[in-house]
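The structure under discussion appears below in the form of structure tokens.
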Amino acid sequence: MADPAGTRRIAVVAGGVAGLATALDLLDQAQEHGLDLTVTVFEQASTPGGNLQTLRQDDWQLEWGPNGFLDNEPATLRLVDRLGLRDHLLRSSDATRHRFLLVDGRLREIPTSPEAFLRSKFLPARAKLRMAGELFVSPRKDLGRAAEDPATDETVDAFGRRRLGADFAEVMLDPMVKGIFGGDSRRLSLAAAFPRMVELERDYGGLFKAMFKLARKRKNKTDAAPHGVLHSFHGGMGALVGALADALDSDPRAELRLGTAVSKIAREAGAWHVAGADFTAGPFDAVVNAAPAHAAAAHLRETAPAVHAVLARIPFAPMAVIALGFDRGAVGHDLDGFGLLVPTRERRELLGALWTSSIFAGRVPDGKVLIRAMAGGADNPLVMDLDDEALATLALAELRPLLRIKGAPEMVRVIRHKRAIAQYEPGHLAGLAAVDAELAALPGLFLTGSSYRGISVNACAKEAEQVAADVLVHLETRSNTPSEAVS
Ligand SMILES: Cc1cc2nc3c(=O)[nH]c(=O)nc-3n(C[C@H](O)[C@H](O)[C@H](O)COP(=O)(O)OP(=O)(O)OC[C@H]3O[C@@H](n4cnc5c(N)ncnc54)[C@H](O)[C@@H]3O)c2cc1C
């Protein structure tokens, strides 16, 4: 715990964006509070950043995981500024407004205004009428109680069917959930995955009512777009974790231990210890576990059995990213858009495909285009058994007629995520409430990362600030703890 000089010691387990951002926020907030503190980050991989890695294959720039982030989360923008990356931000092109869905075997652009939606052939007239009926669907009485009463935890699909009808749920919601979570809308909790939807129904009585009222409010203000604009960095998303790691490396209060897999977090005589196959470290005043839930569960098997039980049950969807590079002339479609998503009822293998070279400039050699197909997800894990060549062949077979692709790709790269994204199934929030209850009895132990309260980079950045603040409160309230020698 506090060493003889009064320095507080914090361990951060895992150096994905969640762990790295938490470590930096801890150092910054400690400085603001005049608190002496050191942070050690334990990361099992030989490079920091977790899913955020930008690869180069010849002159093609590829993302291992996230493609970008929306610029509507102040915590991420504060992090960008803190790291001096504002000038490196890369705004997505305006083409990304055009998004496509596969409907009855044909690519159709998703209408962006209510008028365009009414005119479109996107859904049959009866489905549009049912959607309009949303105005008259009364809100559920038990909204917002999913954490206390899992029986009220509605799935995304059930919510869609109840408020907007079966067609909307199957054609719009199902592929949206696949695009964001690689998930199955019939198995995801609305309250955990899309809490804003629950708030809108509860606070405004319905989605259309919320839309009208919020539009009126916005007219009276000059707010920025509430949904945000997709951004990355000129060097790709890897630039963010590269800068985070550099900031930690250059701070004498921080240590980034790469190639250091943690297997256990333990508490002895009020102090925290972190151990792996060939090391033990501690004592620490606090440990922030930012590893994915499946790994965090293993670390806490003995120390926090209730936390272990909840975390071990959080499922993860697998995903394969299949990057295909072509000569521009080989693709008949103009690729003027963000990409396409595939509803389950279309019975295809792919979840969708992003038209990466249309989204961000500078990712491909001149005269080339890059398409990033996604396969797998909660719904179709067995596709991951295919080898790389078979996955590329499958992606090409499905995309070829839709995008009028002639000839073979010039560049192929398959990236596999065995456990890509945590699935917030019904009961997720009740599970987190049980986790919080046990953590309350284990002062100094904190959990963060994309497994719990938001899967996006933005959610990780936002939670990092909060967790760092919580750690500081913990340190300040325990400031009279007797010092122990540092091992
Ligand atoms: C294909 C794909 C596309 C995505 N697209 C987007 C997108 O466009 N926008 C967006 O906002 N988000 C996207 N996401 C989600 C995004 O990747 C996550 O928000 C983010 O990477 C989560 O960061 P994290 O630190 O929680 O977890 P991770 O990135 O998974 O990092 C966890 C870290 O923990 C380490 N670790 C694990 N076990 C141990 C252990 N025992 N000891 C030490 N270290 C350990 C791992 O090595 C890893 O570095 C995407 C995800 C995937 C998979």
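Counting convention: from 1, in listed order, for ligands and their atoms alike.
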Review point. Should the ring pair His231 and Phe69 be called parallel, tilted or perpendicular, given that the plane angle runs from 0 to 90° and is split at 30 and 60?
Key: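 Geometry flag for Phe69 against His231: tilted rings.
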Check your understanding: Once the angle between the rings of Trp355 and His333 is folded into 0 to 90°, is it parallel (under 30°), tilted (30 to 60°) or perpendicular (over 60°)?
Key ->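 Ring orientation, 0 to 90° scale: tilted.
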Check your understanding: Between Arg186 and Asp379, is there a salt bridge with N-O shorter than 4.0 Å?
Key ->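 Salt bridge between Asp379 and Arg186, a charged N being under 4.0 Å from a carboxylate O: yes.
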Check your understanding: Taking NZ, NE, NH1 and NH2 as the nitrogens, is one of them in Arg363 or Glu63 under 4.0 Å from a carboxylate oxygen of the other?
Key ->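 A salt bridge links Arg363 with Glu63.
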Study note, to complete from the structure: Protein neighbours of ligand 1 with a heavy atom under 4.0 Å, given by chain and number, are Ala14, Gly16, Val17, Ala18, Phe42, Glu43, Gln44, Gly50, Asn51, Leu52, Gly65, Pro66, Asn67, Gly68, Thr260, Ala261, Val262, Pro292, Ala295, His299, Met319, Val321, Arg372, His417, Ala420, Ile421, Gly449, Ser450, Ile455, Ser456, Val457, Cys460
Point to revise | Inter- and intrachain pairs under salt bridge (Lys or Arg N to Asp or Glu O under 4.0 Å), touching residues 169-180, at least two apart | key: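 Residue pairs with at least one partner in residues 169-180: Arg161-Glu170, Glu170-Arg345.
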**Study point:** Side-chain donor or acceptor of Glu43 paired with backbone N/O of Gly15 under 3.5 Å
**Key:**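 Yes, because the side chain of Glu43 sits within donor-acceptor range (under 3.5 Å) of the backbone of Gly15.
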